[in-house]
Amino acid sequence: MTEDVVLLNVPVIRQLYHWDCGLACSRMVLKYLHPVSDEDFQRACWELKMTESVWTIDLAYLMSHLGIKHCFCTQTLGVDKGFRNQVDDQTVSQSEPGVSGFSSVYVLLLLQSFYKKHFDTEEDRVNELFLKADNKGVVVKKCSVTVQEIQSHLEQSHVAIVLVNAVVLTCELCSSPAKYCCFLPVGQKCFCRKPEYQGHFVVVCGFNRTTGCIFYNNPAYSDRVCCTSVSNFEEARRSYGTDEDILFVYKES
């Protein structure tokens, strides 16, 4: 770590399913902070009644439940009602990649059907989590965060889980973009239409002021730290649908 370059040693953990990128990011952060056994992690998820629909507020509750200092910053305290239209108009997913063994079209239609069917239930559940957050010790702030504030956070050896638009986010080090929709055999053509928004969680773990890049762990992979420009990172995390959600997690001194 230098004045211009910060790269924290956050382990890379790949997600297991099409929906658990947020949980994979949480596991990365927890292993960076202090060892948390898989049993304790699973128990916490069970006690919080977490399902296959994981929102940023769920991750904040998870950190609070495990006694981790945190601060969840967002532009919307609850569910953005306008996002319903985006769910109805296009295929969206809150996590990647797809399910091995299923066609890509089937997986995306399955995700679209899930979010349409459960949107009202999820809206009530998520709004209730926001209402009860303060009493549950979950720190939530309605605010916009600058990239300078994120860099300052990282300089103190803290990390952050950020909700981004995976369609926009581009790694400058990867030879090809992550395929979020499906795992297809080599040579098989994907017929998925490209959506405008795919919500995806990543762990921001460093930056280089000289080159103007941001380092992050993408749970779509298990073997690399990704890198993108500040401008691309800002576009991806500020895309409509993210609410500019960012979960700051603090490493105790």
Side-chain angles (χ1 to χ4, degrees), residues 15 17-27 29-30 41-96 110-145 149 160-167 195-203 219 236-250:
Q15 61 194 90
Y17 310 102
H18 67 271
W19 53 268
D20 68 330
C21 59
L23 296 183
C25 287
S26 297
R27 290 178 62 208
V29 167
L30 291 169
F41 184 81
Q42 293 297 335
R43 185 182 302 109
C45 291
W46 181 81
E47 290 173 350
L48 291 171
K49 300 179 180 179
M50 298 181 75
T51 65
E52 294 184 10
S53 179
V54 180
W55 297 60
T56 318
I57 187 68
D58 291 305
L59 304 183
Y61 267 76
L62 180 60
M63 293 300 157
S64 176
H65 191 79
L66 292 170
I68 305 299
K69 184 179 179 182
H70 65 281
C71 180
F72 170 28
C73 297
T74 180
Q75 288 281 63
T76 307
L77 297 177
V79 177
D80 182 355
K81 291 183 178 296
F83 192 65
R84 173 194 295 274
N85 297 328
Q86 195 153 340
V87 174
D88 290 337
D89 290 342
Q90 64 181 6
T91 300
V92 297
S93 67
Q94 282 193 297
S95 47
E96 333 299 338
L110 184 65
L111 288 169
Q112 184 183 42
S113 175
F114 175 86
Y115 283 104
K116 283 183 178 181
K117 180 179 179 181
H118 297 281
F119 192 90
D120 288 336
T121 302
E122 281 298 284
E123 181 178 16
D124 292 340
R125 183 186 72 83
V126 170
N127 286 337
E128 185 176 6
L129 288 177
F130 274 93
L131 288 173
K132 294 182 177 179
D134 188 50
N135 290 335
K136 296 290 185 178
V138 179
V139 182
V140 180
K141 293 183 179 180
K142 183 179 180 181
C143 63
S144 181
V145 177
E149 289 174 308
I161 298 174
V162 182
L163 179 61
V164 298
N165 183 352
V167 177
E196 294 179 5
Y197 176 81
Q198 287 183 316
H200 188 57
F201 289 106
V202 299
V203 177
R237 78 179 184 92
R238 294 181 185 272
S239 292
Y240 180 70
T242 67
D243 291 325
E244 297 186 30
D245 283 5
I246 178 168
L247 180 59
F248 288 113
V249 184
Y250 298 86

Go through the steps to decide whether L59 and C25 satisfy the test side-chain contact (heavy atoms from CB on, under 4.5 Å), and finish with yes or no.
CA-CA 9 Å; L59 304 183; C25 287; 5.7 Å; no
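- What you find for A60 and H70 is that their closest heavy atoms are O-NE2, 3.8 Å.
- Minimum heavy-atom separation, F201 to I161: CD2-CG2, 3.8 Å.
- Atoms CE and OG, from M50 and S26 in turn, are 6.5 Å apart once rounded to the nearest 0.5 Å.
- Residues R27 and F41 share a closest heavy-atom pair of CG-CZ, 3.4 Å.
- The shortest distance between side-chain heavy atoms of L163 and W55 does not fall below 4.5 Å.
- In this structure, the side chain of Y61 engages the main chain of L129 through a donor-acceptor pair within 3.5 Å.
- The CD1 atom of I246 lies 12.5 Å from the NZ atom of K141; values are rounded to the nearest 0.5 Å.
- Side-chain contact between L77 and V140: present, with at least one pair of heavy atoms (C-beta onward) separated by less than 4.5 Å.
- Atom CD of E122 is separated from atom CG of N127 by 10.5 Å, given to the nearest 0.5 angstrom.
- The minimum heavy-atom distance linking A44 with L62 is given by the pair CB-CD1, 3.8 Å.
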Decide yes or no on side-chain contact (heavy atoms from CB on, under 4.5 Å) for F72 and V138, but give the supporting numbers first.
CA-CA 8 Å; F72 170 28; V138 179; 5.6 Å; no
Step by step, work out the salt bridge (Lys or Arg N to Asp or Glu O under 4.0 Å) result for R125 and E128.
CA-CA 5 Å; R125 183 186 72 83; E128 185 176 6; over 6 Å; no
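- Distance check, rounded to the nearest 0.5 Å: CD1 of I57 to OG1 of T74 gives 8.5 Å.
- Here Q75 pairs with S144, E244 under the side-chain contact (heavy atoms from CB on, under 4.5 Å) rule; sequence neighbours left out.
- Classification of the Y17-W19 ring pair by plane angle, with boundaries at 30° and 60°, yields parallel.
- Inter-residue side-chain proximity for L30 and M63 is flagged as met; some heavy-atom pair is nearer than 4.5 Å.
- Put simply, NZ on K142 and CZ on F130 are 11.0 Å apart, with the number rounded to the nearest 0.5 Å.
- Taking all atoms of both residues into account, the shortest heavy-atom contact from V145 to C73 is CG2-CB, 3.7 Å.
- Looking at N165, its side chain never comes within 3.5 Å of a backbone N or O of T242 through a donor-acceptor pair.
- By the salt bridge (Lys or Arg N to Asp or Glu O under 4.0 Å) test, K136 is found to be paired with no residue, residues two or more places apart in sequence or in another chain being considered.
- For the atom pair CG (D58) and NE2 (H65), the distance works out to 13.0 Å, reported to the nearest 0.5 Å.
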